[in-house]
Each structure stands twice: as C-alpha cells, then as structure tokens.
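Let me begin by presenting the structure, written as structure tokens, before commenting on it.
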Amino acid sequence: LLQCKLTGQWKNDLGSNMTIYEVKETGDFSGKYLTAVSASPLKIEESPLLGFQHLPYLSQPTFGFTVNWNFSDTTSVFTGQCFVDEYGKEVLKTMWLLRSHAKNHGDDWKATLVGYNTFWRKEELMD
Ligand code: BTN
C-alpha cells in the first residue's frame, strides 16, 4: 500500500530540518522547523508550524502548513503532497511562499518569495 504519514522527522534539499508531531483524527498537526537558510540577518532559531493533512492515511495525502518564524517578522506557508517513490521511500513535494515584512503599501509588490522544496524522511545517519 502507498502509505504516507507526515508524522516524524524530515530533511529538505536545502538542509532544513522539520519535525511533525502526531496527526490528529481531524487531520491537524503541529511541529517545529529549523531552517538551514534565511533571508534575515538575525540568528536562526527553531520555529513552530501548524497545518492540516487530508485523511485517510492509507493514500498519498495533500497537506498544508504555516511556519511562524520566531526570529524574524516573516511568515511561510507550504503546500504539497506526500508520495511513495519508486524505491518505496516517502517524499514530500512542496511549494512555499515566504512573506517578508513590507515597510509600506508601496513595497507590497516585492514582499513575497516563492519556491519549491522536496523533503525526505530523516534516517539516523542523516544528521
Ligand atoms: C526568513 O528568512 O525570514 C525566515 C526563514 C525562511 C526560510 C525559507 S522558507 C522556504 C525555504 N525553505 C526552507 O527550508 N527555508 C527557506
């Protein structure tokens, strides 16, 4: 079966680490995110995330979550899908938006970055 669960530890192509705690029966979950990179000059700190995944588990669910960066005044949203690849490994294919803080209305146009991230389930050796 194509089982794909979000619960656990993940690492992405940038080297960022993410932990997702228990997914509730309503599909909501929380977790923490340690980004490897930042657009901000401030020291990176682990930040909380909140999201939803579609249920049931026994498929390849879509999901979305928000990261509230607690070391900068920015917010990220990720949306994606959990897949089981051709080797049977779980992989999260996502797109994200990163909203920075615009000083005024006129700067709104340049305040949002967009990109892709792929996440793999972390194994003990992946640190
Ligand atoms: C900031 O720069 O203000 C906060 C950190 C943003 C990190 C971004 S979110 C999208 C991309 N994927 C990551 O794992 N890190 C960057």
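Treat the numbers as computed from the prediction; the structure is a model and nothing was measured. Counting convention: from 1, in listed order, for ligands and their atoms alike.
Distance from atom 1 (C) of ligand 1 to its nearest protein heavy atom, with residue and atom name: T74 OG1, 3.5 Å. Closest protein heavy atom to atom 13 (C) of ligand 1: Y33 OH, 3.4 Å. For atom 12 (N) of ligand 1, the closest non-hydrogen atom of the protein is N117 OD1, 2.8 Å. Closest to atom 2 (O) of ligand 1, if we only count protein heavy atoms, is A39 N, 2.8 Å. Ranking protein heavy atoms by distance to atom 9 (S) of ligand 1, first place goes to S76 OG, 3.4 Å. At the shortest separation from atom 15 (N) of ligand 1 among protein heavy atoms lies T35 OG1, 2.9 Å.
Using a cut-off of 4.0 Å between Lys/Arg side-chain N and Asp/Glu carboxylate O, K93 and D85 are scored as not salt-bridged. A salt bridge links K89 and E123; the closest N-O separation between the charged side-chain nitrogens and carboxylate oxygens is under 4.0 Å.
The aromatic ring centroids of F78 and Y116 lie 6.0 Å or more from each other.
Taking both residues in full, the closest heavy atoms of C82 and K5 are given as SG-N, 4.3 Å, listed atom of the first, atom of the second, then distance.
Without hydrogens or angle criteria, T94 side chain to N117 main chain gives a donor-acceptor distance under 3.5 Å. Judged by distance alone, the side chain of Q60 and the main-chain N or O of V84 form a donor-acceptor pair under 3.5 Å. Side-chain atoms of T75 do not come within 3.5 Å of backbone N or O of L98 as any donor-acceptor pair.
Contact between G115 and ligand 1 is absent, with no heavy atom of the residue lying under 4.0 Å from the ligand.
Within ligand 1, counting atoms from 1 as listed, the ones closer than 4.0 Å to a heavy atom of S16 are 13 (C), 14 (O), 15 (N). In summary, the atoms of ligand 1 found under 4.0 Å from a heavy atom of F71, numbered by their order in the structure, are 4 (C), 5 (C). Here is the list of ligand 1 atoms found below 4.0 Å of a heavy atom in S40: 2 (O). The atoms of ligand 1 that sit less than 4.0 Å from any heavy atom of W96 are 10 (C), 11 (C).
The backbone and the side chain of S38 each have at least one atom closer than 4.0 Å to an atom of ligand 1 (non-hydrogen atoms only). The proximity of N12 to ligand 1, defined as any non-hydrogen pair under 4.0 Å, is limited to the side chain. Contact annotation for S72 and ligand 1: only side-chain heavy atoms (C-beta onward) come within less than 4.0 Å of the ligand.
In the model, N17 has no side-chain atom that pairs as donor or acceptor with a side-chain atom of W10 under 3.5 Å.
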- Task: Could you go through the side-chain hydrogen bond (donor to acceptor under 3.5 Å, both in side chains) check for W69 and S76 one step at a time?
- Result: CA-CA 8 Å; W69 301 109; S76 289; 2.8 Å; yes

